[in-house]
A.B. asks: 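This is the structure I want to talk about, given as structure tokens.
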Amino acid sequence: MKVCILIPGFIKSYEHLEYLRRQFKKIRAKQIYVFGHIFNFMIEPHIHKEKIEYNNQNFLNQQKLGIFDLYEFVSDYKTLDKFGYDNRIFSQWYNIQKSFDLYLKYSKEYNIKCDIFVRLRSDLQIDFEKLDVFIWKSYLEQKIILFDANKKRYSYNDELFIGNFSHFQKIITLSDKIYEYYELPFIKKKILQPSKFIHKNRFRGESEILFQTHIKENININDIIIEKDAFFSLKRL
């Protein structure tokens with residue numbers, strides 16, 4: 001089995017990248033490939049998402065990005081979309097899509113084919129022995145594995161999920177359809193509800209709810225396994 005790991009978005013610690021690289025050895029795979037459409041600067045692990053400075057000059061040391069088989073930097077990022085809302089949610093899913101595109105490019109050039117794909121945030125602390133079990137479960141049952149995010153009051157965690165090529169091809173189209181989902185009546189209602197907690201986002205839990213909506217629209221319920229095992233968390237320090 002060959003595994004593709006997608007690590008898009010922000011890099012917050014070279015040390016944590018090295019931790020992930022070492023822990024990948026616990027995954028029982030013939031080969032692991034890593035791809036990422038990432039920002040070209042580093043942010044501190046504890047920084048709140050509303051406090052991110054996109055003109056950050058703390059540029060990444062490319063010599064310390066050896067975890068990646070192929071990466072590209074985000075270009076022309078705009079902090080607000082054409083409607084004046086924060087662009088981070090679109091960017092998050094667009095970067096996942098672009099990371100998958102990097103796999104497709106690498107796959108064609110080097111004639112490789114991965115069996116299982118993992119979306120992974122760069123700042124997750126993970127029990128990799130459990131991750132290995134879930135990767136094999138997804139592979140053997142040919143189902144997408146999603147993780148319950150009820151601790152966040154939403155259904156699916158958007159920080160980590162696992163599936164085969166077919167499932168990921170469907171998932172990575174979320175950024176293409178995001179503005180269609182904003183027009184859905186139940187989402188429009190959420191957008192119109194005022195909240196002092198969401199900065200310039202449209203509503204609280206925006207990414208997770210869009211993810212849940214996209215899964216419902218594109219993945220057969222019989223092809224989904226929902227796990228409640230909380231074996232990963234964000235590393236803030």
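Starting from 1, each residue takes its place in the sequence as its number.
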A.B. asks: Using the six-membered ring wherever Trp is involved, compare the ring planes of Tyr94 and His37 and label them parallel, tilted or perpendicular (cut-offs 30° and 60°).
C.D. replies: perpendicular
A.B. asks: Whether Lys235 engages the ring of Tyr19 as a cation-pi pair (distance to the six-membered ring centre under 6.0 angstrom, angle to the ring normal within 45°) should be assessed.
C.D. replies: no
A.B. asks: Using the rule salt bridge (charged side-chain N to carboxylate O under 4.0 Å, His left out), only one of Arg202, Lys188, Lys189 pairs with Glu183; which is it?
C.D. replies: Lys188
A.B. asks: For the hydrophobic clusters of this structure (ILVMFWY residues joined by side-chain heavy atoms under 4.5 Å, transitively), does one cluster hold both Ile47 and Ile11?
C.D. replies: no
A.B. asks: Between Lys200 and Asp86, does any NZ, NE, NH1 or NH2 come within less than 4.0 Å of an OD or OE carboxylate oxygen?
C.D. replies: no
A.B. asks: Name the orientation class of the two ring planes belonging to Phe100 and Phe165 (parallel below 30°, tilted from 30 to 60°, perpendicular beyond 60°).
C.D. replies: tilted
A.B. asks: Can you say whether the rings of Tyr181 and His214 are parallel (under 30°), tilted (30 to 60°) or perpendicular (over 60°)?
C.D. replies: perpendicular
A.B. asks: Flag yes if Ile135 and Leu124 sit in one hydrophobic cluster, no otherwise; membership is Ile, Leu, Val, Met, Phe, Trp, Tyr, and two members link when side-chain heavy atoms are under 4.5 Å apart.
C.D. replies: yes
A.B. asks: Out of Phe168, Phe117, Tyr33, which one pairs with Tyr103 under the ring pair (Phe, Tyr, Trp, His ring centres under 6.0 Å) rule?
C.D. replies: Phe117
A.B. asks: Is it the case that over 12 heavy atoms from other parts of the model lie below 6.0 angstrom from the CG atom of Asn220?
C.D. replies: yes
A.B. asks: Please report the closest heavy-atom contact between Leu20 and Ser122, naming both atoms and the distance.
C.D. replies: CD1-O, 3.6 Å
A.B. asks: With a 4.5 Å heavy-atom cut-off, do Val118 and Ile162 have their side chains touching?
C.D. replies: yes
A.B. asks: How many angstroms lie between CD1 in Ile178 and CG in Asp81, if you round to the nearest 0.5 Å?
C.D. replies: 8.5 Å
A.B. asks: Is it the case that one hydrophobic cluster holds both Ile67 and Ile116, taking links as side-chain heavy atoms less than 4.5 Å apart, direct or via other members?
C.D. replies: yes
A.B. asks: To the nearest 0.5 Å, how far apart are SG in Cys4 and CG in Asn164?
C.D. replies: 12.5 Å
A.B. asks: Could you tell me the separation between the CG atom of Asp69 and the CZ atom of Phe35, rounded to the nearest 0.5 Å?
C.D. replies: 5.0 Å
A.B. asks: For a side chain to side chain contact (heavy atoms under 4.5 Å, CB included) check, start with the C-alpha distance between Asn55 and Phe41, then their side-chain angles and the critical distance, and finish with the verdict.
C.D. replies: CA-CA 9 Å; Asn55 293 320; Phe41 58 87; over 6 Å; no
A.B. asks: Classify the ring geometry between Tyr179 and Phe83 as parallel (under 30°), tilted (30 to 60°) or perpendicular (over 60°).
C.D. replies: tilted
A.B. asks: Check whether any side-chain heavy atom of Glu72 lies under 4.5 Å from a side-chain heavy atom of Leu102, and answer yes or no.
C.D. replies: yes
A.B. asks: Under the ring-ring contact (aromatic ring centres under 6.0 Å, His included) criterion, do Tyr85 and Phe203 qualify, and how do the steps go?
C.D. replies: CA-CA 10 Å; Tyr85 289 102; Phe203 52 92; 9.4 Å; no
A.B. asks: Less than 4.5 Å apart, side chain to side chain, heavy atoms only: is that true for Ile215 and Ile171?
C.D. replies: yes
A.B. asks: Roughly how far, to the nearest 0.5 Å, is CG of Leu160 from CG of Leu6?
C.D. replies: 11.0 Å
A.B. asks: Which value, rounded to the nearest 0.5 Å, describes the distance between Lys78 atom NZ and Ser91 atom OG?
C.D. replies: 13.0 Å
A.B. asks: Given side chains that start at C-beta, do those of Leu60 and Phe39 come closer than 4.5 Å, heavy atoms only?
C.D. replies: no
A.B. asks: Over 60° means perpendicular and under 30° means parallel, so tell me whether Phe134 and Phe231 are parallel, tilted or perpendicular.
C.D. replies: tilted
A.B. asks: According to side-chain contact (heavy atoms from CB on, under 4.5 Å), who are the partners of Lys137, at least two apart in sequence or on a separate chain?
C.D. replies: Glu141, Ile145, Ile225, Glu227
A.B. asks: When you check the side-chain N and O atoms of Tyr182 and Glu206, is any donor under 3.5 Å from an acceptor?
C.D. replies: yes
A.B. asks: Of all heavy-atom pairs between Ser99 and Pro8, which one has the smallest distance, and what is that distance?
C.D. replies: OG-CB, 3.4 Å
A.B. asks: Report whether Phe90 and Leu80 are members of the same hydrophobic cluster (ILVMFWY, side-chain heavy atoms less than 4.5 Å apart, transitive linking).
C.D. replies: no
A.B. asks: Applying side chain to side chain contact (heavy atoms under 4.5 Å, CB included) to Ile38 and Phe68, what does each step give before you reach the verdict?
C.D. replies: CA-CA 11 Å; Ile38 58 178; Phe68 293 102; 4.1 Å; yes
A.B. asks: Just do the side chain to side chain contact (heavy atoms under 4.5 Å, CB included) check on Phe232 and Lys130 with the steps written out, would you?
C.D. replies: CA-CA 9 Å; Phe232 59 92; Lys130 287 187 176 180; over 6 Å; no
A.B. asks: Which atoms form the tightest heavy-atom contact between Phe59 and Asn56, and what is the distance?
C.D. replies: CE2-O, 3.8 Å
A.B. asks: Gln97 and Ser175: which non-hydrogen atoms are nearest, and at how many Å?
C.D. replies: OE1-OG, 2.6 Å
A.B. asks: If you compare all heavy atoms of Lys170 against all heavy atoms of Asn218, which two are closest, and at what distance to 0.1 Å?
C.D. replies: CD-O, 3.3 Å
A.B. asks: Search all heavy atoms of Ile32 against all heavy atoms of Ala29 and return the closest pair with its distance.
C.D. replies: CG1-CB, 3.9 Å
A.B. asks: Please indicate whether Lys2 has more than 12 foreign heavy atoms, meaning atoms of other residues, nucleotides or ligands, lying under 6.0 Å from its NZ.
C.D. replies: yes
A.B. asks: Output, in order, the C-alpha distance, side-chain angles, deciding distance and verdict of salt bridge (Lys or Arg N to Asp or Glu O under 4.0 Å) for Arg28 and Asp132.
C.D. replies: CA-CA 7 Å; Arg28 295 167 293 158; Asp132 173 70; 2.6 Å; yes
A.B. asks: With sequence neighbours left out, write down each residue that passes ring-ring contact (aromatic ring centres under 6.0 Å, His included) with Phe128, or none if nothing qualifies.
C.D. replies: Phe24
A.B. asks: Is the closest side-chain heavy-atom distance between Lys12 and Arg121 below 4.5 Å?
C.D. replies: yes
A.B. asks: How about Tyr77 and Asn40: do any of their side-chain heavy atoms sit closer than 4.5 Å?
C.D. replies: no
A.B. asks: Could you tell me the separation between the CD1 atom of Ile5 and the CD1 atom of Ile27, rounded to the nearest 0.5 Å?
C.D. replies: 4.5 Å
A.B. asks: Can you find a heavy atom in the side chain of Ile126 that is under 4.5 Å from one in the side chain of Gln23?
C.D. replies: no
A.B. asks: Considering only heavy atoms from C-beta outward, does the side chain of Leu131 approach that of Lys26 to under 4.5 Å?
C.D. replies: no
A.B. asks: Can you name the ring-ring contact (aromatic ring centres under 6.0 Å, His included) partners of Tyr110, sequence neighbours left out?
C.D. replies: Tyr106
A.B. asks: Just do the side chain to side chain contact (heavy atoms under 4.5 Å, CB included) check on Asp158 and Trp93 with the steps written out, would you?
C.D. replies: CA-CA 10 Å; Asp158 63 351; Trp93 289 100; 3.9 Å; yes
A.B. asks: So if you build clusters from Ile, Leu, Val, Met, Phe, Trp, Tyr with side-chain heavy-atom gaps below 4.5 Å, do Ile7 and Phe73 land together?
C.D. replies: yes
